[in-house]
Amino acid sequence: MSANPHAEHLQELLEGLNEPQREAVTHGEGPLLILAGAGSGKTRVLTHRLAYLIYTDQAQAGEILAITFTNKAAREMSERVKRLLGRDTRGMWLMTFHAACARILRAEAARLGYTRQFTIYDQADSRRLTKRSADAVGVDLKRFTPAAIHNQISAAKNRLRAAADYRETVASPFEEMVADVYDIYERDLHRMNAMDFDDLLFRTVNLLELFEDVRERYVSTFRHVLVDEYQDTNHAQYRLLQLLVGGGREAPARGARTSVTGHRNLAVVGDDSQSVYGFRGADIKNILEFQDDFKDARVVKLEQNYRSTQTILSAANAVIANNRGGIAKRLWSELGQGDQIHVRVLEDEHAEARFVVGEIERLVDEGASRDEIAVLYRTNAMSRVIEDALVRKEIAYQVIGGTKFYERAEIKDAIAYLSLLANPFDVVSFTRVVNSPRRGIGQTSLSRVLAHAEALGVSVWEAASRPEEVPGLGAAAIKALGRFMATMEELRKLAGAPPGDGGEEEGEASSNGVPVGDLIEALLTQTGYIEALKAERTIEAQGRIENLQELIEVGHEFDAGVAEGQDTLGVFLQQVALVADADTRTDDEGLVTLMTVHNAKGTEYPTIFVTGLEDGVFPHSRALEEGALEEERRLFYVAVTRAMRELYLTHARRRAAFGAQTYGLRSRFLDEIPSDLLDEPQETMFRPGAISARVGLSRAASAAELGDREPGAWSGRAAGTRERPAASSFRLGEDVIHAAFGDGVVTGVEPGGVIVVRFADDGSERKLMAEYAPVSRR
DNA sequence: ATCCTGATTTTTTTT
DNA sequence: AAATCAGGAT
């Protein structure tokens, strides 16, 4: 090693690592399992290992595939490796599974009968397509939602079961119906030159299984493969890794060859106690059985925690001990006992929010920074009430998750236009934009065009380009469609794609178009999209225009950072299809952060609030129904271990769900924490709720007891009925304030007590029930 | 083809 | 409480 020109750097790299960390970093070839407890310096180990591999010449940057769970994690890791190496990490494949697969598939698309311009459908698109397929099969959509059907298909794909394989295993009428839909859904996806999220993994596996030469190329390209958050991998991802490195378990599957050869240089990092994505096919067995899959695997346990106080760790350890069959670990910390964990019960979710915000105010007064504080909850819907309280106290905050930028209708429309330009077979995008803005092409005309395209076996683009040939199309529709396609044709030239029915794969055909930012700008004006929004003259439309301007900006930024000449549109589309909202989180901006516990994974904050700790909320009732209590407990474990110094756990006696009030018992997880770790006002220990939790009274009984304490306070939905102005008392143009949306002005008064309010904050215009909405005169 | 109204649903978590 | 959707009116 002393001969290494980087010897100095190497020593620096290993300094300050503890023994197991160093072992993981310096491990050479062969399988490696790093069991990294929460806060044990996992990212540090990963980044140092990447740098180490390069410094010791075990791999060039371009020979490393490093998989992370989110794009944000990839970006952060890339930054840190760059800092360690003192130079660029260019060439390194540091990205999510989905991004890596999309990249491979674009390069090899022709092998699978796709063009490299294939479209990636997100969940909403996939559901829409599922609905279409279900309609075609004649499914009663009253009984089965497209979401439920698509979930089933998605689960099948995650287990690498194609439609035909799925059909062989059906065991109920429901599954038989799904099998029918799956058939059509698959056929249509392929016809449209499109893939859903699950296909990215599935098709890559197909590719590597079908073409040994392709597989060999990638096996030799990636001399080292690293995977973060390994406990959250699903079967498709497992198989993909197997194909990329060789080895792994000999799947007893039917048909195809299962065991493969390779270098087996696979390093995985994970924590079985933090496996929380079972609902999307993650299989905790992947990490539990890693040592069976790779008998000679080196196993390193990271148990020293550098994040939290011992009190917080003891609580986490105690809770997770209630799960069975995990890998034994014991987190410890040198940071001292620290404060007790604060447990509070509040009357309802509003009181809970006020308590949380009050504490935040106090902490900030005492010198804490807002960005050192995060509020966690189980479901996105719970953010509203907390936001409301924060707004009232004028505390700046950010919400991670919820409605995402790329899911807004106008953004999806713009992206759909781009997709259609790149992929003339993209029926979902065509359907989305053909009458947006309104062009007089309705459902009937659309169906005729689609049917015609299908009958001829040509792309929608081609069918729509000759509207006069579509049977049954009216004169008006022919004219409208003709005008629309003429515009699209022009845009297509701008995009640099060959005119007419392109889709022609091959080469970098579409390389000399205008920059993406310019293209978006051109498309929004030439299609009349912006004009139509302007004509609406509402603040809401104004907001949409601003969002679109932001998208144009995103396009320009992309153009500035991308190499010239390389099918920029395709790369741009691929990139935006795979961004998650978690990627937009910003640090150090003086903002309190609100997010779901899932989104909080991988983060840490000095102060953490976990809200809604009631049975039915957290653990979630649906999880309980599905027997997923252990996963919920792991989720709670994740929540608790985000905290560095202060941890608050709150629950409410009463909480509004849909319209009515519900009464929840305190979460069973609270009772799994040793009481000496808790700072919980004595009084609450003897509340009816707490007692009934212990003796197992039913929810209804406990509600009745609570009701007795304050007679008449809550019979039915009366609780929320405060004195409010009647609808008629709001007048046009009046200034109002809404608890969540802030200041606004009444722009309409409608029958039925409905008022229309335009809000200053985000420019949105909303219809509110004056009687029930938390809105009052300013 | 488009608009309006009433009914239904929404709340798991996300690449 | 609010968004989405389907069916019917225009």
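Quick note on labels: first sequence line is chain A, next is B, and so on, each numbered from 1.
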ask   = Between Lys412(A) and Asp125(A), is there a salt bridge with N-O shorter than 4.0 Å?
value =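 A salt bridge links Asp125(A) with Lys412(A).
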Residues Asp228(A), Lys42(A): salt bridge by 4.0 Å N-O rule =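 Salt bridge between Asp228(A) and Lys42(A), a charged N being under 4.0 Å from a carboxylate O: yes.
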ask   = Is the Phe279(A)-His620(A) ring centre distance short of 6.0 angstrom?
value =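 For Phe279(A) and His620(A), the ring centres are not under 6.0 Å apart.
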query = Which part of the nucleic acid, if any, lies within reach of Tyr277(A) when heavy atoms closer than 4.0 Å are counted: base, sugar-phosphate only, or nothing?
reply =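 Touches sugar-phosphate only.
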task = Quick one: label Asp198(A) by what it contacts on the DNA or RNA (base, sugar-phosphate, nothing), any heavy atom closer than 4.0 Å.
result =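 Counting heavy atoms under 4.0 Å across all strands, no contact is made by Asp198(A).
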Whole angstrom value for the distance that separates [atom2] of [N] from [atom1] of [X]:
X	N	atom1	atom2	answer
Gln123(A)	dT12(B)	CD	P	12 Å
Glu626(A)	dT13(B)	CD	P	13 Å
Asn151(A)	dT13(B)	CG	P	12 Å
Glu229(A)	dT13(B)	CD	P	19 Å
Tyr377(A)	dT13(B)	OH	C1'	12 Å
Ile400(A)	dT14(B)	CD1	C1'	14 Å
His598(A)	dT13(B)	NE2	C1'	4 Å
Gln575(A)	dT15(B)	CD	P	15 Å

key: Aro-ring/base stack Phe658(A)-dT10(B), d under 5.5 Å, angle under 30°   =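 Given the distance and angle limits, yes, they stack.
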query = With a centroid cutoff of 5.5 Å and a plane-angle limit of 30°, would you call Phe279(A) stacked on dT13(B)?
reply =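 The base of dT13(B) is stacked with Phe279(A) (centres under 5.5 Å, planes under 30°).
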task = Check whether the side chain of His98(A) and the base of dT15(B) form a donor-acceptor pair under 3.5 Å.
result =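 It does, because a donor-acceptor pair links the side chain of His98(A) to the base of dT15(B) below 3.5 Å.
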Of the nucleotides [options], which has the atom closest to the [X] side chain?
X	options	result
Thr444(A)	dT2(B), dT12(B), dA1(B)	dA1(B)
Ser445(A)	dA1(B), dT14(B), dT11(B)	dA1(B)
Thr96(A)	dT11(B), dT13(B), dT15(B)	dT15(B)
Arg622(A)	dT11(B), dT2(B), dT14(B)	dT11(B)

query = Can you tell which of Glu186(A), His235(A), Gln152(A) makes a side-chain hydrogen bond (donor to acceptor under 3.5 Å, both in side chains) with Lys157(A)?
reply =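 Going through the options one by one, the only one that passes is Glu186(A).
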request  = Considering only atom P, compute the distance from dT13(B) to dT4(C) and round it to an integer number of Å.
outcome  =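 The same atom, P, in both gives a distance of 15 Å.
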Stepwise side chain to side chain donor-acceptor pair (under 3.5 Å) check, Tyr185(A) with Asp196(A) = CA-CA 10 Å; Tyr185(A) 177 80; Asp196(A) 62 21; 2.8 Å; yes
ask   = Quick one: on DNA chain B, does Ala656(A) or Ile441(A) contact a more 5' nucleotide (nearest heavy atom)?
value =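 First, find each residue's nearest nucleotide; the 5'-ward one identifies Ile441(A).
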key: Residue whose closest nucleotide on DNA chain B lies nearer the 5' end, Arg378(A) versus Arg438(A)   =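 In this pair, the answer is Arg438(A).
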Contact under 4.0 Å: [X] side-chain N or O vs [N] OP1/OP2:
X	N	answer
Asn71(A)	dT15(B)	no
Ser621(A)	dT11(B)	no
Asn380(A)	dT10(B)	no

query = Just one of Ile320(A), Leu649(A), Val276(A), Val597(A) clears the side chain to side chain contact (heavy atoms under 4.5 Å, CB included) bar with Phe636(A), so which one?
reply =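 When side chain to side chain contact (heavy atoms under 4.5 Å, CB included) is applied between Phe636(A) and each of Ile320(A), Leu649(A), Val276(A), Val597(A), only Leu649(A) qualifies.
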